[in-house]
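Following: one structure in structure tokens, then a few remarks.
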Amino acid sequence: NAGVTQTPKFQVLKTGQSMTLQCAQDMNHNSMYWYRQDPGMGLRLIYYSASEGTTDKGEVPNGYNVSRLNKREFSLRLESAAPSQTSVYFCASSERRVWGSEKLFFGSGTQLSVL
Amino acid sequence: EDQVTQSPEALRLQEGESSSLNCSYTVSGLRGLFWYRQDPGKGPEFLFTLYSAGEEKEKERLKATLTKKESFLHITAPKPEDSATYLCAVLTGANNLFFGTGTRLTVIP
């Protein structure tokens with residue numbers, strides 16, 4: 001019973017390098033999300049996908065792109081990493097994006113350092 | 001401006017010593033308030049959703065309550081396994097979900 005699986009768990013990049021964070025869920029959820037978590041700040045939404053085939057910007061989308069590959073998978077790409085993108089990244093999913101009844105299921109996170 | 005504030009930042013309790021965590025909010029049109037638990041190195045895990053003032057939810061040693069300005073997470077007779085960071089999140093009328101910065105709870109045996 002895997003739930004939400006993220007890879008990699010840790011990554012170190014140099015400024016300007018690119019990388020893709022992978023996320024997959026096995027709960028047949030419609031909606032998926034990418035958050036970042038920084039010390040002293042709450043989780044902040046980067047992008048979300050309300051359903052397969054759709055993606056929308058969240059609170060802090062600059063410097064990121066996403067792809068909803070299929071219903072299971074939602075990837076986050078950093079095209080040119082910057083030190084300000086050093087953070088812990090969480091992928092989450094929910095049955096549907098009907099806010100108010102939202103119960104998010106989170107992965108275990110990717111700790112990213114950009115030097 | 002929509003805002004969520006959790007207090008205290010950190011709390012140390014002896015095993016069995018009951019206490020409360022606070023989540024105060026100023027948002028336009030609250031549609032829901034959520035509590036999550038986060039263990040070190042893990043993602044948040046859902047605990048409760050509260051929708052209206054006066055509502056209460058319970059799960060084992062935890063009870064969440066909601067007023068028009070704040071929510072409390074009451075922990076009764078905590079055990080060391082209750083040690084974690086507890087996050088609250090509020091859903092605004094504009095369908096934005098804001099997370100607080102959390103309260104880090106340590107329960108000492």
Margin query: Given 3.5 Å as the limit, does a donor-acceptor pair link the side chain of A:Y33 with the main chain of A:L104, or not?
Written below: no
Item checked: Pairs where residues 97-109 of chain B contributes a residue and the test salt bridge (Lys or Arg N to Asp or Glu O under 4.0 Å) is met, not counting sequence neighbours -> none
Item checked: Atom NZ of B:K42: over 12 foreign heavy atoms under 6.0 Å -> no
Next item on the list: Could you state whether B:L33 and B:L47 fall into the same hydrophobic cluster, counting links through intermediate Ile, Leu, Val, Met, Phe, Trp or Tyr residues with side-chain heavy atoms under 4.5 angstrom apart?
Entry: yes
Note to self: Only heavy atoms, only distances under 4.5 angstrom. Which residues in residues 11-21 of chain B are near chain A?
What the structure shows: none
Check: Checking A:Q37 against chain B: side chain, backbone, both or neither under 4.5 Å from a heavy atom?
Finding: side chain
Checklist line | With A:E59 via salt bridge (charged side-chain N to carboxylate O under 4.0 Å, His left out) - residues at least two apart | finding: none
Checklist line | When B:G102, B:P44, B:G41, B:G100 are compared by non-hydrogen pairs under 4.5 Å with chain A, the top option | finding: B:P44
Margin query: Checking side-chain contact (heavy atoms from CB on, under 4.5 Å) between A:L112 and each of A:T86, A:V88, A:L78, A:V12, which is the one that passes?
Written below: A:L78
Margin query: By the salt bridge (Lys or Arg N to Asp or Glu O under 4.0 Å) test, which pairs, at least two apart or in different chains, include something from residues 72-83 of chain B?
Written below: B:R61-B:D82
